[in-house]
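Worksheet: one structure, shown below.
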Amino acid sequence: METKRLKRLPVGIQTFSEVIDLNCLYIDKTEYIWNMIHHSKYIFLSRPRRFGKSLLCSTLQAYFEGRKDLFKGLFIETVEKEWTEHPVLRFDMSLGKHMEKEQLERYLGMRLAEYEMKYGITNPATDNNDRLTALIQSAYHKTGKKVVVIIDEYDAPLLDVVHEEKTLPVLHNVMRNFYSPLKASDPYLQFVFLTGITKFSQLSIFSELNNLKNISMRPDFAGVCGITEEEMLTAMSDYIDDFADAQQITCEETIEGLKKQYDGYHFSWPSPDIFNPFSLLNAFQDHDYTNYWFSSGTPTYLIEMLRKFNVVPTDISSMQALASAFDAPTENMKSITPLLYQSGYITIKDYDRTSRLYTLDIPNGEIRVGLMESLLPNYVDMRTEAGTTTIAKMYRALYHDDLNEMFRLLQAYLLTVPYCDNANSEGHYQQMLYVIFSLFGRYVDVEVHTPTGRVDIVMKTAKALYLFELKLNMSAEAAIKQIDLKDYSSKFALSALPIVKVGINFDPERRTLSDWNIVTNE
């Protein structure tokens with residue numbers, strides 16, 4: 001049987017011309033681009049990191065530079081007739097991270113200097129905002145064409161200091177000063193496009209640029225970044241076959257696994273199912289379901305903000321909020337929700353038109369595991385090899401239906417963990433188990449309501465439904481008695497799975513499990 005020759009996957013390639021010149025796979029997003037440039041003159045798009053924003057900016061740049069040869073066979077070739085070449089000023093702010101005020105100003109100055117040389121400015125002004133104004137006007141007068149300004153990751157210099165009350169306002173002013181000429185330069189501008197992770201605020205950086213159109217939550221632009229399920233099933237069908245062959249599974253199993261691990265993003269409602277492109281491309285290249293997005297780095301600012309807002313793991317699942325609560329400007333946010341949503345750690349899962357409430361939840365298995373791994377050090381010391389090995393062994397024991405071994409492993413390991421201030425509360429242990437069970441990749445929920453009370457933890461596997469009742473300084477038998485007394489099992493009678501009742505008692509002095517009891521319903 002002849003093996004199909006697949007196009008190279010553009011893993012790590014963010015330049016449109018390179019993707020085309022190397023004959024890499026390209027998911028055609030040019031219809032979105034055509035609609036975008038005819039939608040508004042000033043556009044802002046928010047998407048999580050590694051979601052294809054830079055490739056989108058590069059594609060826009062190539063289009064406005066009139067590079068028709070790069071767009072053969074793509075949608076935009078069928079509608080564009082003129083291919084007018086415009087001067088394009090593109091600024092990548094992702095390289096402006098981890099800088100002090102003077103460093104950031106020098107970085108911006110260096111980016112301006114590259115274009116000043118191109119457009120014949122030999123004696124630039126002192127301030128960067130004046131230099132940008134002069135640059136736009138010079139490019140316009142020298143070429144006779146209106147200027148396109150593309151700013152990628154506009155908020156990158158600010159994100160890593162978003163938790164620093166003194167540093168953030170200082171860098172905030174630097175960036176506001178740099179962006180301020182954009183509205184005043186309107187007569188010389190053809191199109192302005194900005195991308196970022198966090199939402200812009202018209203009360204701060206963009207106070208002058210109040211005509212910027214935010215398309216981040218518009219249904220008609222929901223698939224502008226990322227890979228929709230339809231795009232994967234059509235444009236990437238050969239890669240699905242290739243993955244299935246390598247894994248020795250069916251195509252249906254492959255699709256199901258990819259969806260569970262990398263799908264589930266929605267940036268509007270309604271919205272197609274959207275895959276994380278960075279992870280999906282890497283998965284096809286490696287034929288593996290690895291946590292690529294999280295492995296590329298957990299932002300420091302996120303962990304710091306989780307601590308600042310005292311977020312516990314169970315707070316992150318199945319929350320309901322108005323759009324104004326999770327699409328809020330970063331500097332005005334009163335909770336962690338906007339940062340979690342805009343950074344891609346939670347996404348839209350449903351919308352109720354009557355109340356205008358959105359349901360937000362973790363998108364997929366990759367994000368759930370990665371996020372819980374980041375939060376686990378708050379409960380157990382996962383920085384040690386013994387810690388990570390224990391979690392893996394616990395999962396193996398659960399997989400083989402040996403809960404006694406799973407709890408013995410946890411009991412022994414917790415005795416080695418340094419003292420924790422919260423170890424004398426039942427809630428601490430509930431959150432710890434929630435995180436560990438989430439790392440197993442299984443359905444888990446806490447405080448599950450029944451007609452007679454609330455189950456501390458419910459975990460579902462392919463083989464059983466587990467009801468956990470936790471006690472502190474009592475006994476596992478007392479926990480089982482509470483499950484029976486309140487008849488928690490009756491709520492789950494129609495689950496079609498065996499119900500396993502698990503009572504656990506914790507000893508706060510020894511900071512570990514003292515005893516447990518496991519009862520399977522007949």
Side-chain angles (χ1 to χ4, degrees), residues 47-51 226-229 232-233 236 239-240 243-244 246-247 249-267 271-299 302 306 313-319 340-341 343-350 359-376 382 388 391-396 398-399 431-446 457-466 497:
R47 285 293 184 269
R49 65 187 178 89
R50 295 192 176 276
F51 239 84
I227 297 173
T228 68
E229 182 176 3
M232 185 189 76
L233 294 177
M236 309 180 82
Y239 298 88
I240 295 173
F243 190 107
Q247 287 274 335
I249 57 178
T250 67
C251 289
E252 290 73 18
E253 290 171 326
T254 298
I255 293 168
E256 182 181 354
L258 293 170
K259 283 176 64 66
K260 179 181 178 182
Q261 187 73 349
Y262 309 121
D263 191 14
Y265 285 96
H266 308 97
F267 300 106
S271 167
D273 283 344
I274 297 174
F275 287 78
N276 181 319
F278 178 78
S279 296
L280 187 62
L281 291 174
N282 274 284
F284 280 136
Q285 186 177 70
D286 297 345
H287 306 127
D288 194 17
Y289 296 110
T290 300
N291 296 329
Y292 296 101
W293 192 72
F294 244 95
S295 298
S296 67
T298 305
L302 177 73
L306 286 168
T314 54
D315 288 344
I316 301 174
S317 295
S318 295
M319 59 181 74
L340 285 172
Y341 170 76
S343 300
Y345 297 93
I346 58 176
T347 193
I348 298 169
K349 291 296 184 180
D350 200 2
T359 299
L360 307 171
D361 209 340
I362 296 171
N364 51 48
E366 176 184 31
I367 303 305
R368 182 173 296 279
V369 170
L371 193 54
M372 295 306 160
E373 283 181 346
S374 299
L375 294 172
L376 194 57
M382 285 296 292
T388 54
I391 298 294
K393 289 179 178 178
M394 286 178 64
Y395 175 70
R396 182 175 64 188
L398 174 68
Y399 183 81
Q431 295 295 325
M432 178 190 71
L433 289 178
Y434 174 80
V435 170
I436 291 173
F437 294 160
S438 294
L439 290 173
F440 292 164
R442 297 293 177 255
Y443 168 83
V444 58
D445 201 359
V446 298
I457 303 177
V458 175
M459 180 173 67
K460 181 181 179 182
T461 70
K463 299 178 181 179
L465 189 72
Y466 298 90
L497 287 170

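Atoms considered below: every heavy atom in the structure, side chains included; atoms not considered: hydrogens, waters and symmetry mates. Just so you know, these numbers come straight off a predicted model, no measurement behind them.
- Between the Asn282 side chain and the Gln285 main chain, no donor and acceptor come within less than 3.5 Å of each other.
- Cation-pi check for Lys460 over Phe437 is not met; the charged atom does not lie both under 6.0 angstrom from the ring centroid and within 45 degrees of its normal.
- Between Phe284 and Phe243, the ring-plane angle classifies as perpendicular under the 30° and 60° cut-offs.
- Using cut-offs of 30° and 60° on the angle between ring planes, the pair Phe267 and Tyr341 is perpendicular.
- The two residues Thr290 and Tyr262 come nearest to each other via the heavy atoms O-OH, 2.7 Å.
- By the 6.0 Å contact criterion, CD on Gln247 is enclosed, its count of non-hydrogen atoms from other residues, nucleotides or ligands being greater than 12.
- Side-chain N or O atoms of Lys349 include one that pairs as donor or acceptor with a backbone N or O of Pro363 at under 3.5 Å.
- A distance of 10.0 Å separates OG1 in Thr347 from CG in Asp273, rounded to the nearest 0.5 Å.
- Checking each of Leu398, Val458, Ile457 against Tyr466 for a side-chain contact (heavy atoms from CB on, under 4.5 Å) leaves exactly one that passes, namely Leu398.
- What you find for Met236 and Leu280 is that their closest heavy atoms are SD-CD2, 4.2 Å.
- Looking at heavy atoms from C-beta onward, Asp286 lies in side-chain contact with Tyr292 at the 4.5 angstrom threshold.
- When all heavy atoms are compared, the tightest approach of Val444 to Ser438 is CG1-OG, 3.2 Å.
- One N or O on the side chain of Thr461 and one on the backbone of Lys463 form a donor-acceptor pair closer than 3.5 Å.
- The shortest heavy-atom contact between Ser317 and Asp361 is CA-OD1, 3.5 Å.
- Judged by distance alone, the side chain of Glu229 and the main-chain N or O of Pro272 form no donor-acceptor pair under 3.5 Å.
- In summary, the aromatic rings of Trp293 and Phe51 are positioned with their centroids too far apart to meet the 6.0 Å limit.
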